[in-house]
Amino acid sequence: SGSGRHARYFLALGHGIVAIDRDTGPLADLESQVEIIQADLEEGAASAVAWGGRTFAGVVVCNYLHRPLMPYLLDAVVPGGILIYETFARGNERHAKPRNPDHLLEPGELLSLVGMRFRVIAYEHGLIVGPRVVQRIAAVNATGNEALSELRPG
């Protein structure tokens, strides 16, 4: 959750929030409004159970990549729910951190990981102001006919 920028934004819109990070200090002022889970998502079983197998109407991930976590993130989105994901991609190492290839998506990787299970609403890959190279996706979990029908015009 980092500093909680996105948690604060969605909270202001009236959404219930579960914020997860290994350092929850920056979220202290939100304790009475947000469920805060302190967990290192890269430590063994913690990555699989941090949110207790619960599902959510939306999952937002920004500037974070731990590939083994991806199936759990996708499983956490309810049918008809949305995933918003943005993180650094190959090419970013020429401009800024991270430079480690383990923390950079390969070309089309996010689209490939998400697009096999979700209906992609928007996808971008490229250089943005900063400068940074990112991939970002907005996708709906289109599991089941009811989810698909919600996405089609009347």
Side-chain angles (χ1 to χ4, degrees), residues 1-13 15-28 30 34-143 147 151:
S1 296
S3 66
R5 177 179 51 166
H6 295 98
R8 293 170 206 286
Y9 175 77
F10 286 105
L11 183 64
L13 294 175
H15 297 285
I17 304 296
V18 176
I20 303 172
D21 204 310
R22 67 179 169 207
D23 177 11
T24 59
L27 306 170
L30 297 176
V34 171
E35 181 181 348
I36 299 171
I37 299 173
Q38 184 171 11
D40 184 340
L41 295 176
E42 297 175 23
E43 280 297 317
S47 66
V49 298
W51 51 88
R54 291 180 292 167
T55 56
F56 304 94
V59 172
V60 177
V61 180
C62 292
N63 300 332
Y64 180 76
L65 177 63
H66 183 60
R67 288 174 179 89
L69 189 59
M70 188 61 76
Y72 300 105
L73 290 171
L74 297 178
D75 289 346
V77 181
V78 298
I82 190 162
L83 171 73
I84 299 171
Y85 201 119
E86 176 184 308
T87 198
F88 304 102
R90 191 65 77 143
N92 191 72
E93 69 277 6
R94 291 188 298 262
H95 305 285
K97 291 181 181 180
R99 291 185 169 92
N100 182 335
D102 292 342
H103 301 141
L104 300 171
L105 289 165
E106 295 294 329
E109 184 178 359
L110 188 57
L111 185 60
S112 176
L113 289 168
V114 174
M116 294 180 70
R117 291 185 48 191
F118 282 49
R119 180 170 178 195
V120 176
I121 305 303
Y123 171 78
E124 293 180 333
H125 177 170
L127 184 65
I128 63 171
V129 173
R132 299 181 301 148
V133 178
V134 300
Q135 285 183 46
R136 50 172 70 139
I137 199 164
V140 173
N141 182 354
T143 304
L151 299 174

**OP:** Quick one: pull up OG1 in Thr87 and CZ in Arg132 and give me the separation to the nearest 0.5 Å.
**Re:** 9.0 Å

Original post:
Under 3.5 Å, is there a donor-acceptor pair between the Tyr123 and Gln135 side chains?
Top reply: yes

**OP:** Could you tell me how the ring of His66 sits relative to the ring of Tyr64: parallel (under 30°), tilted (30 to 60°) or perpendicular (over 60°)?
**Re:** tilted

Subject >> Leu74 vs Tyr85, side-chain contact (heavy atoms from CB on, under 4.5 Å): CA-CA, chis, key distance, verdict >> reply: CA-CA 11 Å; Leu74 297 178; Tyr85 201 119; over 6 Å; no

Original post:
Which pair of non-hydrogen atoms, one from Ile37 and one from Ala50, has the smallest distance, and what is that distance?
Top reply: CD1-O, 3.4 Å

Subject >> Check: Arg94 and Leu127 side chains under 4.5 Å, non-hydrogen atoms >> reply: no

Original post:
Atom CZ of Arg8 and atom CZ of Phe10: how far apart are they, to the nearest 0.5 Å?
Top reply: 14.5 Å

Original post:
Would you say the side chain of Ile82 lies within less than 4.5 Å of the side chain of Phe56, judging by non-hydrogen atoms?
Top reply: no

Subject >> Contact summary for Val60 and Cys62, nearest pair of heavy atoms >> reply: CG1-SG, 4.1 Å

Original post:
Could you go step by step and tell me if Asn92 and Val134 meet the side-chain contact (heavy atoms from CB on, under 4.5 Å) rule?
Top reply: CA-CA 7 Å; Asn92 191 72; Val134 300; 5.6 Å; no

Original post:
With sequence neighbours excluded, what pairs up with Glu93 under the side chain to side chain donor-acceptor pair (under 3.5 Å) test?
Top reply: none

Original post:
At what distance, to the nearest 0.5 angstrom, does CD1 of Ile20 lie from CH2 of Trp51?
Top reply: 5.5 Å

Original post:
Under the side-chain hydrogen bond (donor to acceptor under 3.5 Å, both in side chains) rule, what pairs show up with a residue in residues 98-117, not counting sequence neighbours?
Top reply: Arg67-Glu109, Asp75-Arg117, Arg90-Glu106

**OP:** Please round to the nearest 0.5 Å and tell me the distance separating atom CD1 of Ile17 and atom CD of Glu35.
**Re:** 11.0 Å

Original post:
CG/Asp40 to CG/Asp21 distance, rounded to the nearest 0.5 angstrom?
Top reply: 9.0 Å

**OP:** Compare every heavy atom of Val120 with every heavy atom of Leu111, then report the nearest pair and how far apart it is.
**Re:** CD1-CG2, 3.8 Å

Subject >> Reported OG-to-CG distance for the pair Ser1 and Asp23, which is rounded to 0.5 angstrom >> reply: 10.5 Å

**OP:** Work out which heavy atom in Leu83 is nearest to a heavy atom in Val114; give both atom names and the distance.
**Re:** CD2-CG2, 3.8 Å

**OP:** State whether the number of non-hydrogen atoms from other residues, nucleotides or ligands found under 6.0 Å of Arg54 atom CZ is greater than 12.
**Re:** yes

Subject >> Working for side-chain contact (heavy atoms from CB on, under 4.5 Å), residues Leu105 and Phe88 >> reply: CA-CA 6 Å; Leu105 289 165; Phe88 304 102; over 6 Å; no

Original post:
Looking at Ala89 and His125, what are the two nearest heavy atoms and their distance?
Top reply: CB-NE2, 3.7 Å

Original post:
Side chains of Phe118 and Ile137: closer than 4.5 Å at any heavy-atom pair?
Top reply: no

Subject >> 4.5 Å side-chain heavy-atom contact, Leu73 and Val61 >> reply: yes

Original post:
Is there a side-chain contact between Leu11 and Val34 (heavy atoms, below 4.5 Å)?
Top reply: yes

**OP:** Work out which heavy atom in Pro71 is nearest to a heavy atom in Pro68; give both atom names and the distance.
**Re:** CD-O, 3.4 Å

**OP:** Would you confirm whether Gln38, through its side chain, and Arg22, through its main-chain N or O, come within 3.5 Å as a donor-acceptor pair?
**Re:** yes

